[in-house]
Novice: 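I have a structure I would like to understand better, so I am pasting it below and will then ask my questions one at a time.
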Amino acid sequence: MMLKAVIFDLDGVITDTAHLHFLAWRSVAEEIGITIDEDFNAELKGISRMESLKRILRHGGKEDAFSDKQCLALAGKKNARYVQSLASLTEASMLPGIRELLADIRAAKVKTGLASVSLNAPGILHALGIASAFDFCADASRIICSKPDPEIFLAACEGLNVRPEEAIGIEDAAAGVEAINAAGMLSVGIGPGLERAAMQLCSTRELTWNRLTDFWTSRTVSIRNS
Ligand code: BG6
Ligand code: MG
C-alpha cells in the first residue's frame, strides 16, 4: 500500500510549546493551591484545555471546589498566559529536523495534515511561518472528543481525502498515540513512555523522511508476509 499522508500533532512535535502549556498551567494551579510537576504534565499532553483543568483539579483534590463559571475563568487565565508566552515564538522555534521533513514530504508529493486539539494551532503555524506547509489542518473547535479518541485524526484523514490505513500519524503524547492507533493509522511516537507507538523515536532529530519511508515499506512487507 502506498503512503499517502503524514499527519502531525503540533505541541511537542513541531515546536516545543508543550513546555509553555506546562508553565502556564503550573502558575494558575499554584494560585489555587495545587502543585503540578513535569511528570503529572505528561498526562495533560494532547488533552483539551477544559479537560486539562479538570485533571488538575482532580489531582489537587478540588474537583468540586469551583463553579463552571470559575472554571472557565481559570482556563481563560491559563490561556492568556500561554498566548503571552507564544510571543517568543519565531520561525527558529521549530524542533530539529521538522522543517526539512515537511519539505521532503512535499517533494515526495505525499500529503501533510495537522491533528492538534489546540485552539491556538492556526496562530502558532502562522508564527512559525509554516501554515502553507500543510494541505489540511483539522479544526480543533469542531472536535467533540479529545485524544485518545481518534476523532481529530479521522477528521484530518477525511480532509486530506485519504484512508487512515494509508497514513502515518506523529505524536509526543500517550493519548495521541492511542488516538492514532484507534484511527487505524500507523503511529510514530516522539519521546519516552510511548511504548504503544508502532515506531518510537527519542527526538525529532531522528524523524527523517528516509526513516519514515523505510518504516512504512518494512511494515507493508511484513503485513504481506504474515
Ligand atoms: C494540545 C496540548 O496540543 O492542545 C495540550 O498537548 C493542550 O496540552 C491542548 O491542553 C489544547 O490547547 P489550547 O491551546 O487550545 O489550550
Ligand atoms: Mg503534543
Side-chain angles (χ1 to χ4, degrees), residues 6-29 36-59 71-89 93-95 98 113-128 130 134 137-153 155-156 168-181 183 185 187-194 196-197 200-204 207:
V6 181
I7 299 175
F8 293 79
D9 171 48
L10 173 67
D11 296 312
V13 170
I14 288 177
T15 184
D16 192 18
T17 35
H19 189 64
L20 300 180
H21 277 292
F22 168 62
L23 295 179
W25 274 131
R26 188 176 62 179
S27 73
V28 171
I36 60 170
D37 60 14
E38 296 266 13
D39 280 348
F40 173 76
N41 186 56
E43 292 174 34
L44 303 183
K45 288 184 181 171
I47 305 299
S48 71
R49 196 180 305 165
M50 290 312 287
E51 180 59 29
S52 296
L53 176 61
K54 267 192 208 157
R55 291 188 185 199
I56 291 168
L57 295 178
R58 205 181 308 138
H59 177 72
C71 285
L72 277 175
L74 287 169
K77 195 192 266 190
K78 179 267 174 177
N79 191 53
R81 288 179 191 173
Y82 174 64
V83 169
Q84 200 175 17
S85 70
L86 291 178
S88 62
L89 282 191
S93 309
M94 285 177 56
L95 285 169
I98 294 294
L114 191 82
S116 169
V117 295
S118 171
L119 297 167
N120 291 297
I124 293 174
L125 291 187
H126 186 73
L128 297 173
I130 52 166
F134 292 90
C137 297
D139 181 352
S141 69
R142 289 168 171 262
I143 298 302
I144 296 166
C145 304
S146 199
K147 299 167 186 176
D149 190 281
E151 184 179 358
I152 194 153
F153 281 99
I168 288 178
I170 306 175
E171 264 289 348
D172 70 318
V177 167
E178 292 300 334
I180 296 170
N181 292 344
M185 300 162 62
S187 54
V188 174
I190 309 292
L194 301 176
R196 302 260 303 145
Q200 247 191 299
L201 301 174
C202 290
S203 101
T204 55
L207 186 64

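Both counts, for ligands and for their atoms, begin at 1 and track the order of listing. For clarity, every value in this text was computed on a predicted model and none was experimentally measured.
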Novice: Under the side chain to side chain donor-acceptor pair (under 3.5 Å) criterion, do N120 and D11 qualify, and how do the steps go?
Specialist: CA-CA 10 Å; N120 291 297; D11 296 312; over 6 Å; no
Novice: Let me confirm one number: the CG-CG distance from L89 to L20, rounded to the nearest 0.5 Å.
Specialist: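 The CG atom of L89 sits 6.5 Å away from the CG atom of L20.
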Novice: What are the atoms of ligand 1, with element, lying closer than 4.0 Å to any heavy atom of K45?
Specialist: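 Those qualifying, in numeric order: 6 (O).
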Novice: So that I can tick it off, tell me whether D9 and K45 are bridged by a salt bridge, with the cut-off set at under 4.0 angstrom between side-chain N and carboxylate O.
Specialist: no
Novice: When you measure from the side chain of E151 to the backbone N and O of I144, does any donor-acceptor pair fall under 3.5 Å?
Specialist: yes
Novice: Could you tell me which N, O or S atom of D9 is nearest to the Mg ion (ligand 2)?
Specialist: OD2
Novice: Can you tell which of L44, D11, I124, V83 gets a heavy atom nearest to atom 8 (O) of ligand 1?
Specialist: L44
Novice: In terms of atom number and element, which parts of ligand 1 are under 4.0 angstrom from non-hydrogen atoms of S116?
Specialist: 3 (O)
Novice: Using atom types as modelled and distance alone, determine if a side-chain donor or acceptor of S52 lies under 3.5 Å from a backbone N or O of I47.
Specialist: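 Indeed, once roles are kept as given, a pair shorter than 3.5 Å links the two residues.
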Novice: So is G46 close enough to ligand 1, meaning a heavy atom under 4.0 angstrom away?
Specialist: yes
Novice: Is there a donor-acceptor contact under 3.5 Å from the side chain of S116 to the main chain of A121?
Specialist: no
Novice: Got an N, O or S from E171 under 2.8 Å of the Mg ion (ligand 2)?
Specialist: no
Novice: Please confirm whether S52 approaches ligand 1 to less than 4.0 Å, judged on its heavy atoms.
Specialist: yes
Novice: Quick check against the 3.5 Å criterion: does T204 have a side-chain atom that pairs as donor or acceptor with the backbone of I98?
Specialist: no
Novice: Please indicate whether any nitrogen or oxygen in N120 is less than 3.5 Å from any nitrogen or oxygen in ligand 1.
Specialist: yes
Novice: Taking the N/O/S atoms of D11 one by one, which is nearest to the Mg ion (ligand 2)?
Specialist: O
Novice: Okay, side chain of R55, backbone of E43: is any donor-acceptor separation there less than 3.5 Å?
Specialist: yes
Novice: Specify whether Y82 and H21 have parallel, tilted or perpendicular ring planes, treating 30° as the upper limit for parallel and 60° as the lower limit for perpendicular.
Specialist: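 Parallel: the ring planes of Y82 and H21 meet at under 30°.
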Novice: Closer than 4.0 Å to some heavy atom of L119 - which atoms of ligand 1 meet that?
Specialist: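 Reading through ligand 1 atom by atom, the close ones are 13 (P), 14 (O), 15 (O).
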Novice: Looking only at distances, can you tell me whether any N or O atom of S118, backbone or side chain, sits closer than 3.5 Å to an N or O atom of ligand 1?
Specialist: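 Yes; the residue has a nitrogen or oxygen that sits under 3.5 Å from a nitrogen or oxygen of the ligand.
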Novice: Got the closest protein heavy atom to atom 7 (C) of ligand 1, with its distance?
Specialist: I47 O, 3.2 Å
Novice: Only N/O/S atoms count here: what is the atom of D172 closest to the Mg ion (ligand 2) called?
Specialist: OD1
Novice: Please confirm whether R49 comes within less than 3.5 Å of ligand 1 when only nitrogen or oxygen atoms on both sides are compared.
Specialist: yes
